[in-house]
Protein chains: 2
Amino acid sequence: MARVRLIDVAERAQVSMKTVSNVVNGYAHVQPDMRARVQAAIDELGYRPNLTARRLATGRTGMIALAMPEIDHPYFGEMASHLAEIALARGYRVIIEQTLSDAAAEKAVLQDREAGLVDGVIFQPTRMATLDLARLHDDLPVVLLGEIDAPVTTDHVMIDNVAAAFDGVRHLLNLGRRRVAFLGLVDGDITMTNRRRLLGYQEALVGAGVRLDPELVLQARGFDSHDAEAAVESALDRGLDFDAILSRDDRFAAGALTALRRRGIAVPDDVAIVGWDDSAITGYTSPTLTSVAPDKRALATRAFELLHERMHGHHGAGRHIVVPHGISVRASAPGA
Amino acid sequence: MARVRLIDVAERAQVSMKTVSNVVNGYAHVQPDMRARVQAAIDELGYRPNLTARRLATGRTGMIALAMPEIDHPYFGEMASHLAEIALARGYRVIIEQTLSDAAAEKAVLQDREAGLVDGVIFQPTRMATLDLARLHDDLPVVLLGEIDAPVTTDHVMIDNVAAAFDGVRHLLNLGRRRVAFLGLVDGDITMTNRRRLLGYQEALVGAGVRLDPELVLQARGFDSHDAEAAVESALDRGLDFDAILSRDDRFAAGALTALRRRGIAVPDDVAIVGWDDSAITGYTSPTLTSVAPDKRALATRAFELLHERMHGHHGAGRHIVVPHGISVRASAPGA
DNA sequence: AGATCACTTTACAGCGCTGTACATTGTCTG
DNA sequence: CAGACAATGTACAGCGCTGTAAAGTGATCT
């Protein structure tokens with residue numbers, strides 16, 4: 001059975017195609033009886049508009065792309081879920097793009113792959129350099145997420161990583177901890193994100209009169225929780241003395257928990273831990289995980305708003321929006 | 001700057017549009033020098049094809065939709081990740097659709113929302129009845145995922161839930177457990193999935209000569225891990241005696257762990273637990289979670305293959321494919 | 001009655017691409 | 001060297017829809 005087209009409906013209802021189109025699109029000035037007649041034809045034939053054709057005619061796709069490193073990372077999963085919901089409420093659909101932190105894939109996101117496919121892109125880059133970013137999105141509206149060193153020309157939504165790290169460490173200091181480790185550096189990955197977080201970490205310690213110890217900045221081999229586990233074990237092996245950990249994300253924090261448990265070190269009594277992302281993981285660990293909590297809903301909302309403006313012709317300079325964060329206090333670093 | 005079109009390239013290279021099209025699409029019979037000339041024009045103008053227009057002309061969209069209840073559920077996140085990867089390798093892109101287990105949203109997936117937008121849909125329904133499913137996807141190729149009671153006309157990929165539940169319980173029985181609880185029923189949600197799992201659970205017990213006790217089938221209020229936690233606590237409150245749990249998913253198992261820990265019940269010594277999905281959660285809990293492991297990669301691969309055939313004209317009866325499962329043994333129910 | 005105006009509906013071009021049918025060129029065969 | 005055939009390139013219709021301009025329809029006013 002061939003698809004029913006607009007023209008089939010028009011013939012059936014004895015009207016022009018455009019009138020059918022007007023009915024389908026809820027155009028105001030259509031007489032009620034005419035509308036009813038057309039609607040009847042639509043229902044009888046089971047007509048449904050071809051979105052691709054509509055797109056070609058209007059130039060709008062009604063879709064936005066969300067490009068992230070991994071869709072099965074809890075943080076990104078939650079962001080995707082929020083964004084899909086927000087976008088849907090505003091009449092947009094979301095294509096989810098997985099870059100796997102691959103530079104080529106990230107480039108592709110902004111280039112040909114999106115050509116004419118989406119009206120805009122919300123993108124969390126990890127590998128692309130600032131300049132490449134600036135150069136690549138000629139005419140495609142883009143909003144960046146995360147703490148990359150975003151080009152000034154591009155909209156960007158983030159939390160204040162310095163302040164968030166500061167707050168996380170403060171929380172630990174308030175618990176009386178003085179030997180706070182930073183678990184977050186990954187070999188060969190000196191991103192802006194980490195630099196900022198490290199800065200906040202240092203500011204908090206210095207502000208509290210605690211001497212900085214470079215030994216306390218732990219390095220992992222990769223991004224998996226096992227890499228964090230290994231990093232913590234290795235720190236313990238070399239006799240590093242610490243009573244708290246601020247972790248780059250909840251997965252790393254979970255890895256740290258595992259390592260500490262294996263060594264019989266009590267959390268939070270011996271070592272308190274603050275994770276990062278406030279993802280669903282925080283509820284599954286034992287003890288549950290205190291975590292730096294970016295306002296994910298706000299991130300998604302603001303990102304969509306900025307993109308929406310760009311898609312509707314806004315052409316100003318890049319706007320850099322900071323959304324709130326908090327600390328979700330759970331058992332691994334309880335309230336003071 | 002207006003977009004560069006095919007015709008602009010054609011004019012620049014002094015050839016017909018079709019020749020440019022042939023070059024862009026890698027058509028074989030184009031002379032090398034002609035190809036070079038056209039390519040040069042493409043590069044100079046920075047031409048990129050408009051995918052929407054291509055779609056309208058070819059009738060193919062090159063996209064498939066993946067519709068699932070929640071994209072931030074770890075199981076679905078992993079499935080989405082696999083599928084995106086597989087589809088990409090075969091030249092398809094994936095739109096991820098979140099139904100939030102809403103009947104209307106599920107219907108929409110098969111109806112107007114995807115009209116002309118995607119070439120096919122891979123769909124994990126939870127609310128839709130068999131007949132609705134059968135009726136709604138007239139001409140849209142669809143492959144179903146999960147253990148719904150799929151219409152015979154529709155392709156369907158799943159694991160053998162009876163056998164998987166059987167194996168999960170066997171694993172617990174091999175550990176010497178005899179009072180095995182089933183944590184999985186949710187109020188007002190008597191799905192086929194659960195019926196099958198419950199059947200496998202019963203078969204395993206009966207096969208081992210263990211008396212069935214209806215009390216051991218635990219009921220939760222909702223789908224959240226806290227609901228599982230509450231269900232287990234309530235079972236403990238009423239003095240239920242059990243030494244093992246087979247859980248409907250890993251989140252529920254995590255909830256059970258929390259409840260047991262709070263009551264000072266040792267896992268796995270007092271109560272062994274087997275989760276379901278073998279999701280990333282299994283590594284974050286303490287102890288780590290033994291879990292029934294559907295072969296997610298195989299699920300995604302087979303689903304895509306079936307869909308691919310349908311999209312290329314296959315019109316036979318519904319095929320119902322069973323993919324392997326295993327038990328990922330971890331600490332919550334160690335090997336015997 | 002004719003003019004005016006606001007509201008409805010129509011006709012048709014065109015969004016950018018590819019498929020089809022056909023024209024052209026070059027190569028090979030007997 | 002004619003004829004057959006493959007390889008290569010061209011012209012143009014058409015995918016299904018919407019935007020635009022123009023035409024039609026009453027109602028209201030002079």
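Letters A, B, ... are given to chains in the order of the sequence lines, protein chains preceding strands, and every chain is numbered from 1. All values reported here derive from a predicted model rather than from experimental measurement. Computed over heavy atoms, backbone and side chain alike; hydrogens, waters and symmetry mates excluded.
Taking atom CG of residue B:L51 and atom P of nucleotide C:dC15, one finds them 18 Å apart after rounding to whole Å. Atom-to-atom, CZ of B:R5 to P of C:dC15 comes out at 7 Å; the value is rounded to the nearest Å. Put simply, CG on A:L6 is 14 Å from P on C:dA11, counting in whole angstrom units. One interatomic measurement links the two molecules: CZ of B:R60 to C1' of C:dC17, which rounds to 14 Å at whole-angstrom precision. Rounding to whole angstrom units, CG of residue B:D8 and C1' of C:dC17 are separated by 13 Å. Between the P atom of C:dG16 and the CG atom of B:N50 lies a distance of 7 Å, rounded to the nearest Å. Rounding to whole angstrom units, CD1 of residue A:I42 and P of D:dG16 are separated by 17 Å. Following rounding to the nearest Å, B:R54 (CZ) and C:dG16 (C1') show an atom-to-atom distance of 11 Å.
Ion pairing between A:E78 and A:K296 holds under the 4.0 Å rule for side-chain N and carboxylate O. By the 4.0 Å N-to-carboxylate-O rule, A:D102 lies too far from A:R127 to be salt-bridged with it.
Interface residues of residues 13-21 of chain B facing DNA chain D, ordered by number: B:V15, B:S16, B:K18, B:T19; criterion, heavy-atom separation under 4.0 Å.
Among the nucleotides C:dG16, C:dG14, C:dT9, the one closest to the side chain of A:A57 is C:dG14. Comparing C:dT9, C:dC17, D:dC17 by their closest approach to the side chain of A:Q31 singles out C:dT9.
In this structure the side chain of B:P69 never reaches within 4.5 angstrom of the side chain of B:F223, judged on heavy atoms. When side chains are defined from C-beta on, B:R302 does not count as touching B:L307, because their heavy atoms never get closer than 4.5 Å. A 4.5 Å side-chain heavy-atom check between A:V157 and A:L144 finds every atom pair outside the cut-off.
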(message) Set out, in order, the CA-CA distance, both residues' side-chain angles and the distance that settles side-chain hydrogen bond (donor to acceptor under 3.5 Å, both in side chains) for A:S81 and B:E70, then state yes or no.
(response) CA-CA 8 Å; A:S81 182; B:E70 317 161 61; over 6 Å; no
(request) Mind running side chain to side chain contact (heavy atoms under 4.5 Å, CB included) on B:H308 and B:H312 for me, showing each step along the way? (result) CA-CA 6 Å; B:H308 197 260; B:H312 287 74; 3.4 Å; yes
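Contact annotation: A:Y27 does not reach the phosphate of D:dG19 (side-chain N/O to OP1 or OP2, under 4.0 Å). Contact annotation: B:N25 side-chain N/O to C:dT18 OP1/OP2 distance is under 4.0 Å.
Along DNA chain D, the nucleotide closest to A:A53 and the one closest to B:D33 are compared, and the more 5′ of them pairs with B:D33.
Comparing the end axes of the helix from C:dA1-D:dT30 to C:dG30-D:dC1, each fitted to five base pairs by superposing C1' atoms of four pairs onto the next four, gives an inter-axis angle of 50° (nearest 10 degrees).
B:M63 pairs with exactly one of B:L51, B:D119, B:L117 by the side chain to side chain contact (heavy atoms under 4.5 Å, CB included) rule, that one being B:L117.
In this view, A:D277 satisfies the salt bridge (charged side-chain N to carboxylate O under 4.0 Å, His left out) rule with no residue, not counting sequence neighbours.
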